[in-house]
Every structure is written in C-alpha cells, then in structure tokens.
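Just the heavy atoms: all of them, side chains too, but no hydrogens, waters or symmetry mates, feed the values below. Order of appearance sets the numbers: ligands from 1, and atoms from 1 within every ligand. This structure is a prediction, so every number in the text was calculated from the model and none was measured.
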Amino acid sequence: MQLTFYNSLTRRVEPLEPLVPGTVRMYTCGPTVYNYAHIGNFRAYMFEDLLRRTLEYAGLKVTHVMNLTDVDDKTIRGSREAGVPLRDYTATYKKAFFEDLDTLGIERATVYPAATDHVAEMIALIGKLFESGVAYQAPDKSVYFSVAKDPDYGKLAHLDRSGMRASVRISNDEYAKDDVGDFALWKAWDENDGDVKWDSPWGPGRPGWHIECSAMSTKYLGETFDIHTGGIDNLFPHHENEIAQAECATGKPFVKLWMHCAHLRVNGEKMSKSAGNFFTLRDLLAKGYTGREIRYVLLGGHYRQPLNFAFDALAAARTALARIDEFTVRMEALAAPAGGSGGAAPSPDGQAPSWPEKHLSAFAAALADDLNSPLAFAAVFALVNEGNRLAQAGSLDAAGAASALAALARMDTVLGVLARPAAAIPAEVQSLLDQRAAARQAKNWAESDRLRDAIAALGWTVKDTKDGQRLSKS
Ligand code: AMP
Ligand code: ZN
C-alpha cells in the first residue's frame with residue numbers, strides 16, 4: 001500500500017518514503033491548555049488521528065508526539081484570574097482534553113510532552129541559536145530570532161522576502177526587536193507573569209511558543225523526522241519559525257512532510273474562541289449528540305477542504321450510523337444462526353466469501369490517495385449496500401456475512417466509528433449470562449436452555465458462537 005500525501009512544503013502530492021523503512025516519526029502541535037478545546041481544534045486532532053491510523057493500517061509503526069502548551073500569555077492570564085497556580089490551572093484542562101479525546105475515539109499519541117517540563121531543552125536550543133549567530137538579546141531583555149540572518153526563512157509559507165523587508169522599514173521603530181518579522185525565543189519576565197518564570201543565561205523569563213515545538217519534537221523524534229502536522233493557521237508563522245529554529249540549530253533538514261488541515265467553519269468563518277462562534281465538545285454532548293456522531297461529521301470532509309459545521313450534519317450522521325448498525329446486526333444474525341454451533345458455516349453452494357474484498361481495496365486506495373475520507377466512507381456504504389442486497393435476495397451465507405463483518409472491522413481500525421456501541425448490559429442479565437456459561441461448561445444443556453429463556457424474558461437474545469455467548473437486545 002503506497003501512501004501519497006500533499007506536502008505543504010513542496011506543494012505537491014508525494015509518495016511517503018519514511019526515513020527509516022517501516023516506521024514513521026510524527027509530531028503534532030497540541031492544545032494550549034487554558035480552556036476547553038472547541039470542535040474546530042478537534043477537527044485538527046481528528047485529521048491527525050485519521051493520518052496516524054492510516055499509517056498503521058498500511059503496516060507502519062508510528063511514533064507520535066503531541067505537545068501540551070501549558071505556559072503562554074493565555075494560560076498565565078487564566079491562572080491569575082482564577083487565582084490558582086499555573087500548574088493547577090492547566091491540569092484541569094489537560095484532564096479535560098484527554099477525556100474529550102476518549103469521547104471522540106482519538107487514539108493516544110505515544111508521548112505528550114508538556115512545555116513546562118522541557119524549559120531546559122529550550123534554553124539549550126536557544127544557546128545553539130546564539131552560537132549560529134541568528135539569536136540576539138534586545139534592549140527589552142527578551143531574546144529574538146533574526147529572520148534576516150536565515151536565508152531559508154519563508155520556505156514553508158513561500159514568503160516574498162523582498163516584500164517583508166519593505167514592511168520592516170516602515171514599522172521598525174515601534175519594535176524593540178530589530179526586524180518586525182523577528183520572533184521571541186525567550187520572553188523576559190514582567191509583572192504580568194506573576195511568579196511564572198525560569199532562570200536563563202539571559203535573565204528570568206519564559207520560552208516563546210515556537211521554540212517549544214522545535215525543542216520537544218527534536219528531543220523525542222530526532223533532528224530530522226518524517227511528518228509534522230497542524231491546522232492550516234499553524235503554517236505561518238508558527239511552523240515557519242519551528243523550521244528556522246531547528247535548522248539553524250542543527251544544520252539539518254527538520255521535517256520531510258508537512259501536512260495541514262483546513263478549518264472547521266461556521267457560516268463560512270473559521271470557528272475560533274476569539275470570534276465566539278465555537279462549540280466545545282461538551283456543548284454538543286449536552287445537546288444530546290454523541291462523540292461517535294461528532295467523530296463521523298469531522299471525518300466526513302476531506303481534511304484539505306474547509307468543513308462547514310451545521311446541526312443538519314449531526315442529524316445526517318445519526319441516520320448514517322443507524323444504517324451501519326442495522327447492517328451489522330443483520331450480518332451478525334446471518335453469520336451466527338440462532339441455536340447453531342456458531343462460527344462461520346462453510347459456504348453451502350461454494351459462494352466466494354470474498355465479495356467484501358473489493359470494497360476493502362477501494363477503501364484502502366481512497367485513504368492512500370491523500371486521506372480521501374469521503375471516498376473511504378463511500379466504500380463503506382458500497383459494502384453495506386451490496387451486503388444488504390445479497391441478504392435481501394437470500395444469497396448471503398454465513399461465511400459471506402462473516403467476511404462482510406471482518407471487512408467492516410478492518411475499515412473501523414481507521415475510521416473508529418463503525419462498531420456498534422455495546423448496549424449497557426443490566427446486572428440481572430449479566431448474572432444469568434454468567435450462570436449460563438457455567439451450565440454450558442458443565443454440559444447441563446437443560447439448565448442452559450432455561451437460562452436462555454430467562455434472558456429472553458428480560459428482552460435480550462443470547463446466541464452461542466465459537467467465541468462464547470453473544471448477547472444482543474431482542
Ligand atoms: P490552538 O489551541 O489555537 O493552538 O489550536 C490547536 C489546534 O487546533 C491547531 O492545530 C490549530 O491549527 C487547530 N485549529 C484551531 N481552530 C481550528 C478550526 N476552526 N478548524 C480546524 N483546526 C483548528
Ligand atoms: Zn507547534
């Protein structure tokens with residue numbers, strides 16, 4: 001499975017060629033933990049989840065690092081307003097972030113380094129930038145990166161550097177820094193920072209936001225790694241600055257493939273805290289939507305296309321997921337006929353159980369083509385439609401149904417929305433189920449049948465499969 005992705009750096013779709021065959025090292029800009037993330041933020045984390053699961057589907061071993069920005073202007077302001085120490089303030093939102101990831105079925109990264117745990121690495125990196133001659137300390141005591149000293153600056157955003165210089169001459173006087181494009185590596189302490197400060201060779205202060213990602217990505221992934229991701233608004237200046245810092249410090253290429261997702265919008269405008277047009281995940285859960293439905297909506301658009309958020313889309317997700325669930329129930333019933341010994345029965349008329357394979361191939365091809373999730377979902381529904389048609393015509397045997405379920409499960413390793421959520425099993429039913437398992441172990445078939453009837457009287461159906469009892473709501 002050859003994967004191809006759009007590279008923001010080269011502006012071309014390219015085949016993925018991992019630096020170390022069979023593995024991918026990838027870095028993702030994570031949340032600033034000063035508040036609950038909104039679903040626009042989660043669009044970015046969802047795209048990264050899709051990417052990561054696709055890499056794994058293709059058999060690659062992924063090391064995925066996502067930082068947590070737990071010190072910046074917003075976190076400091078929030079903690080001071082709340083009157084709690086910065087660490088306690090951000091701990092609340094870190095916890096909420098992980099709960100939200102779980103609600104949305106987003107897989108955990110390999111490591112989540114927090115900025116405040118890596119200030120020493122950032123100071124060391126800034127030291128290297130002084131050695132390379134691209135860092136300077138300004139009269140305001142803050143340390144800046146000199147964009148003019150880095151001939152490669154602007155290669156990601158494809159900046160017109162001559163245009164940049166012209167704007168510098170106009171506004172130079174207003175800045176403590178030498179050049180308007182220069183950005184802070186180290187911010188000198190001032191009274192707004194309260195007790196948030198670290199010692200450094202340049203005096204007390206705190207790291208700039210950009211240096212955080214260069215320091216932590218190279219620490220965990222090496223000086224050159226495969227993929228760096230984020231929302232499109234991160235491309236400039238944040239990612240441009242990350243490249244400048246890392247490459248000027250190491251002299252090596254920083255990242256091979258840069259991938260960015262387009263924004264989640266509301267009425268054509270980017271969803272953002274500052275515009276006030278946002279919904280947190282919790283807002284939507286409170287309105288009765290599920291994490292699964294929200295996941296379905298966020299995955300439904302191609303990651304490089306803006307996605308408009310609307311409640312209609314959530315309603316459509318509910319209908320689409322119900323259709324998939326009905327299909328699953330139907331296939332399960334066919335794959336393990338009631339009262340049978342269970343397992344996929346051999347095909348009575350030699351029917352090839354592999355018809356789902358072509359849908360699986362279409363699914364994989366869609367993802368391999370720059371994560372085309374709308375086409376991947378089309379392959380899921382093609383599988384559902386064909387399975388329903390065959391079942392309707394009475395020409396689907398147990399093996400065919402089992403292979404449809406297997407294909408669906410395989411697709412779900414990437415999509416993470418297809419599996420039917422398990423209905424909560426009441427304690428009384430669970431107890432009867434346990435007794436029945438014991439009765440069957442003891443080959444007490446009369447007792448087993450009696451317990452099956454007792455379970456049925458409570459509204460549940462139990463079937464015996466080669467993997468044990470399978471329970472569903474009647
Ligand atoms: P922030 O906390 O603002 O740094 O954002 C965290 C992540 O969410 C970054 O990757 C942003 O690019 C991304 N992001 C913010 N707003 C949106 C949006 N409306 N749609 C998609 N991604 C977004
Ligand atoms: Zn970053």
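Here Arg53 does not pair with Asp412 in a salt bridge; the nearest charged N to carboxylate O distance is not below 4.0 Å. Classification of Arg330 and Glu326 as a salt-bridged pair fails, no side-chain N sitting under 4.0 Å from a carboxylate O.
Ring geometry for His210 versus His238: interplanar angle of 30 to 60°, hence tilted.
Here His238 meets the criterion, with an N, O or S atom under 2.8 Å of the Zn ion (ligand 2).
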Under 3.5 Å, which donor-acceptor pairs link side chains of residues 96-107 to any protein atom two or more places apart or in another chain?
from, atom 1, to, atom 2, distance (Å)
Glu99, OE1, Arg282, NH2, 3.0
Glu99, OE2, Lys95, NZ, 3.0
Asp100, OD1, Arg282, NE, 3.1
Asp100, OD1, Arg282, NH2, 3.0
Asp102, OD1, Arg108, NH2, 3.0
Asp102, OD2, Arg108, NH2, 3.0
Thr103, OG1, Glu99, O, 3.0

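Under the salt bridge (charged side-chain N to carboxylate O under 4.0 Å, His left out) rule, Arg206 has a single partner from Asp73, Asp72, Asp190, Asp199, which is Asp73.
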Contacts table for ligand 1: protein N or O within a distance under 3.5 Å of ligand N or O, distances only.
from, atom 1, to, atom 2, distance (Å)
ligand 1, 5 (O), Asn41, ND2, 3.3
ligand 1, 8 (O), Asn41, ND2, 3.1
ligand 1, 10 (O), Gly231, N, 3.1
ligand 1, 10 (O), Asn234, OD1, 3.0
ligand 1, 12 (O), Gly231, N, 3.2
ligand 1, 12 (O), Asp233, OD1, 2.4
ligand 1, 19 (N), Leu264, O, 3.1
ligand 1, 19 (N), Met271, O, 2.8
ligand 1, 20 (N), Gly40, O, 3.3
ligand 1, 20 (N), Leu264, N, 2.8
ligand 1, 22 (N), Gly40, O, 3.0

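Scanning for side chain to side chain contact (heavy atoms under 4.5 Å, CB included) contacts around Ala407 gives Pro356, Leu360, Leu383, with sequence neighbours left out. For the side chain to side chain donor-acceptor pair (under 3.5 Å) test, no residue two or more places apart in sequence or in another chain qualifies with Arg265.
Around the Zn ion (ligand 2), the two atoms OE2 of Glu242 and SG of Cys213 are separated by an angle of 100°, to 10 degrees.
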